Each structure stands twice: as structure tokens, then as C-alpha cells.
Amino acid sequence: MRNLVLAVSLLALSACTTLTSSNIAVSTTGDNPAPTVVPEGTEPDDVVIGRREHPRIIAAYGGVYSDRAAEIMVARIVGRLLAAADQPNAQFQVTILDSSEVNAFALPGGYIYVTRGILALASDTSELAAVLAHEIAHVTLRHARARTDRTRTTAIVDRVITGVFGGDTSTDATVNRTRASMAAFGQAQELEADREGIKFAGKAGYDPQAAARFLGVMSRFASFSAGEGKADDGFLSSHPSTPARIQKAMDTATTMFGQARVGETDRAGYLGAIAGLTFGDSPAQGSILGQRFVHPASKFTFTVPDGYKLQNSQSAVVGVAGDGEAVRFDSADVQANLALTDYLKSGWIAGLKTDSVTSQSFNGIDMATGLAQTDQWFFRVAVMRLDGQVYRFIFAAKADSQRFAQGADATLRSFRRTEASDLTQVSKVAVRVVTAKPGDSADSLAQQMRGLKGGPDLFYIINNLYPGDPVVPGEKYKVVGLS
């Protein structure tokens, strides 16, 4: 996992690269420590909460996304917002997460997170400033602490894990991510953060109407993603963009800053900063090629049986077959001196038949396998160790069968190190910035994305356009394609 974390402060930090002045910096940290100075009024316990949850958030959302131009841009925006929020002595640690989800959230103690997905969807600095200002408002209003308190009494249920994980799930990334998503802010807190965020952004010199504009764009994107079967528990699940909320944001901006549109947008500068940004699934987190999964960074690949449809989430690869079968693949932290058979028997599998546990080796990789059964499911479980990392397969079916057993066995036998030919099949989809020419229209530019499923429709959304809209010659627009 990369450890480049964006730390933005109005204080001068040691060992930092100065961006705009001596008090706005991007730093590289090894252990991602909690800020030493946090928003005024923050309780000491908040720092502990932030420090504890920060590495879990990073693990659950695919790691930290490293992009120098984007980091510099976010640092400058947050620096201006902090000044406008009257937080001259506050240090916020802002992390760009390597996730395609459109999401942003905050933790107690000054931790703020934005995904590369939300960077790709925004079209100018004022829209990103609106998101960041909203999250800063949650922290300064101490909403994050109230949300964390509520989480302690919330029952966490994960559809994949509940049936099979019988032991401690506190280290599982999916559980921790579910915990964060279920700890949503209340409606009153969201509206309060909307108002404060618009005030911060407007005072910082950004277009105050950007909050309402971007809420509308995110709502369109959520509908598009749901139609593609990719709806997730991202920003809009906890920040619903209802028409009433969008209108209220518009009214708030007008009341505070007047009817006329004012403030910086810097569309060209923003698009220049996100050019080349990874869009969708990151190859660094693995790529799905039909029935195969290839992980270039960890250098392994495997193939699931025909009939399984794979999906790569941030914490696991999951696959579902139409006949009531499923598979989950993930990783776990296991002591190097702990035998795989002992780990399999250590209590994290509910209903494990200990006498079924055996050790074996395929493709030079040591593995341990076993059977488990609960009231409704039959499981075939396997763990393997590659380059010091332990990976896990969990195959689930309503009942055991020869075909199910053969499919699980074939998948395990396919697990191997990648070769050069595997890596050449992995492609990256990224944001490109194009300049409209005379005679271009939104429709003609949208055709540049026809190679992607739903590409033209996605073009309209990420540029806040509609079919038939004109484009401005010389103006820059986003397209998404292979890079």
C-alpha cells in the first residue's frame, strides 16, 4: 500500500514540500499519524478515533491515490477553505482514496477523505471546493464525533461475511467500510453542513452556486450507475440529492452572496489537474478479464468457472452464479510463522469441519483447504500464501455437489503467478481532456466515448451536459477512454 497522504494545514510542517506558501503543504508520511493540531474544540478522544480508523478507511477503499497535480490542487483549495472557516490553527489531513466511488466523508480529529471518483465527476475547482467545504463543516460542527458515537450502538450486518465468518471480523475491510457507511449523518446535520459549507466556499472566493450544481450532477451519476448495476454506498447514500435539498442549496447561496453568479470556477485549471486520472476500477487493484482476475501489483491471477460473474470491490473480488452459488476472494493479515492449516482452524470460519482441513500445493504455491457448513449454506474454503501475503477463497452453495467441488478445485488450481502475457491484457481507463473545435457539439464529443458501455450517456453526465447541447469552441471537456 502506498503511504502518500495529503496533509493540508495552515501551519508550517516540517519535512514537507511547500506548494503555495510556507503554510500550505503536501507531506509524505510513513505511518499516517493523526494531526498534532486539530479543529478548535476537538476533544482528545477524537484524535484517538481518527488515528484508529484512518488506516482502516485506507484499506477499505483501495489505498491512497497518488497524483501530484491533483494533490497540489486539493491542497490549495483546502488551504483557502480553512482560512474562510476561521480555522487558522487547525490542521486537516486530506486523503485522496484510490476508489471509483463518488464519495467524500470525514472522521473526528480532522481527517477528510475524497475519492478519485468524485474528482473525476467534478468539472471545476468550485465544485470540488463545495464538497470539501461540506466535509470541513461536518468536522468543525463536530458531526463526525456524533456519528461515531452512534456507530457504537449500530448492528453491522454484511451479506457475504455473516454466513461464514464465525470469529472476529474487526479486521475485515468490508465490515469496517460497512460500519462507516451505516454511520450516516442525519438530515438536520446534512443541511447544517450544506449551509456552513456554502458559506466557507463563498467566503473563500469560489462560486457559491457550485454546491447545488454538483449535487445535481451527482444525482444524475447515481441514477446512471444504478442502471449499470453499480450502485454503491457512496456519497449520495448519506448525502441524498433530493430536489428540495438542491433548491435549498441554491437559495442559501443566493441569500448569502446575491443573485448574480460570482466566484472562481477555474474550469481549465481543474481539468488540467485531473487529466490522466484513473477512471473506474484501478488496474493496481486488479482487473477482471471475463472469468479471469489479474492483479498486476501482487502478481497473481486466477480463473473462476463459467457462469460466475466477477465484480471487484475495494476489499474483495466476489462472483455470483445464476444457480445459487457464490465465491469471495480476499486477503488477510496472518503471522508468517502460522501454518495455513492452523490459520484455517483458528476460528474465523463458522461451521468448519476441522477433520476436512488438508494442505496441498498448486503451481508451487502452498495452500490449505477445508469444508464448512451452516444452516443454509455449504462452503469450500481455501487459503494460500504468496510472497508472504495470505489470500482466501470462500465458495458457497446451497448444497454440495460434484460440479460445485470441481469448480472450486479448478479455481484453486488456476491460482498462479502472473506472466508477461497476463499483464499485457490489463488496460487502464482514464480521464482525457479535449478542446472543442468549431462545429463540435455535445453529441459529437460524446461519440468519442462510444467504445465504453454507456459511454455517450456518461459523457453528458461528467460534463454536466444534455443531448443536443452546444459546446463552446476552445472550451475544454472531459472524455473517458483507454490510456
Side-chain angles (χ1 to χ4, degrees), residues 1-9 26-27 29 31-35 38-39 42 46-47 49-67 70-71 73-75 77-79 81-82 90-122 127-145 147-148 151 173-174 176-185 189-190 193 197 214 218 232-239 274 277-278 282 285 313-315:
M1 182 186 301
R2 290 166 294 179
N3 288 318
L4 183 62
V5 173
L6 182 64
V8 185
S9 173
V26 172
S27 70
T29 61
D31 298 321
N32 305 327
V38 293
T42 300
D46 289 356
V47 179
I49 292 170
R51 176 183 293 177
R52 181 190 67 217
E53 298 298 331
H54 178 67
R56 296 179 182 178
I57 292 293
I58 290 177
Y61 282 84
V64 179
Y65 186 74
S66 179
D67 185 303
E71 292 163 356
M73 173 186 64
V74 174
I77 292 173
V78 174
L81 292 173
L82 289 177
Q91 178 177 331
F92 282 76
Q93 185 159 306
V94 183
T95 302
I96 302 176
L97 298 169
D98 191 7
S99 170
S100 62
E101 289 185 11
V102 176
N103 209 350
F105 49 93
L107 287 179
Y111 288 88
I112 294 178
Y113 304 86
V114 292
T115 60
R116 59 174 169 80
I118 212 165
L119 296 182
L121 190 58
E127 292 179 356
L128 180 59
V131 171
L132 291 167
H134 180 97
E135 298 308 323
I136 288 173
H138 275 310
V139 175
T140 59
L141 294 168
R142 308 196 68 245
H143 291 166
R145 175 58 184 269
R147 180 175 68 171
T148 303
T151 303
T174 300
N176 287 297
R177 185 155 165 242
T178 303
R179 182 181 296 116
S181 68
M182 293 183 71
F185 293 118
Q189 290 176 322
E190 289 296 349
F214 195 44
M218 288 191 290
D232 53 45
D233 57 356
F235 189 85
L236 286 172
S237 67
S238 58
H239 302 70
I274 67 167
L277 190 79
T278 299
S282 171
Q285 298 164 7
S313 68
Q314 302 303 327
S315 58

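Quantities reported herein were computed from a predicted structural model and do not represent experimental measurements. Side chains included, hydrogens not; waters and symmetry mates left out as well; all remaining heavy atoms used.
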Tell me, do [X] and [Y] make a side-chain contact under 4.5 Å, heavy atoms counted?
| X | Y | result |
| --- | --- | --- |
| Glu135 | Val94 | no |
| Ile118 | Met218 | yes |
| Thr278 | Asp67 | no |
| Tyr65 | Thr115 | no |
| Gln285 | Ser99 | no |
| Gln189 | Leu141 | no |
| Tyr61 | Arg116 | no |

For the residue pair [X] and [Y], what are the closest heavy atoms and their distance?
| X | Y | result |
| --- | --- | --- |
| Val102 | Gly117 | CG2-O, 4.0 Å |
| Ala137 | Ala193 | CB-O, 3.7 Å |
| Ala133 | Gly197 | CB-O, 3.3 Å |
| Ala122 | Ile274 | O-CD1, 4.3 Å |
| Val131 | Ala104 | CG1-CB, 3.5 Å |

How long is the straight-line distance from [atom2] of [Y] back to [atom1] of [X], given to the nearest 0.5 Å?
| X | Y | atom1 | atom2 | result |
| --- | --- | --- | --- | --- |
| Tyr113 | Asn103 | OH | CG | 12.0 Å |
| Met73 | Leu119 | CE | CG | 5.5 Å |
| Leu81 | Leu132 | CG | CG | 6.5 Å |

Which class fits the ring pair His138 and His134: parallel under 30°, tilted 30 to 60°, perpendicular over 60°? perpendicular
Let's go through Phe105 and Ile57 carefully: what are the C-alpha distance in whole Å and the side-chain angles of both, what is the deciding distance for side-chain contact (heavy atoms from CB on, under 4.5 Å) to 0.1 Å, and is it a yes or a no? CA-CA 10 Å; Phe105 49 93; Ile57 292 293; 3.7 Å; yes
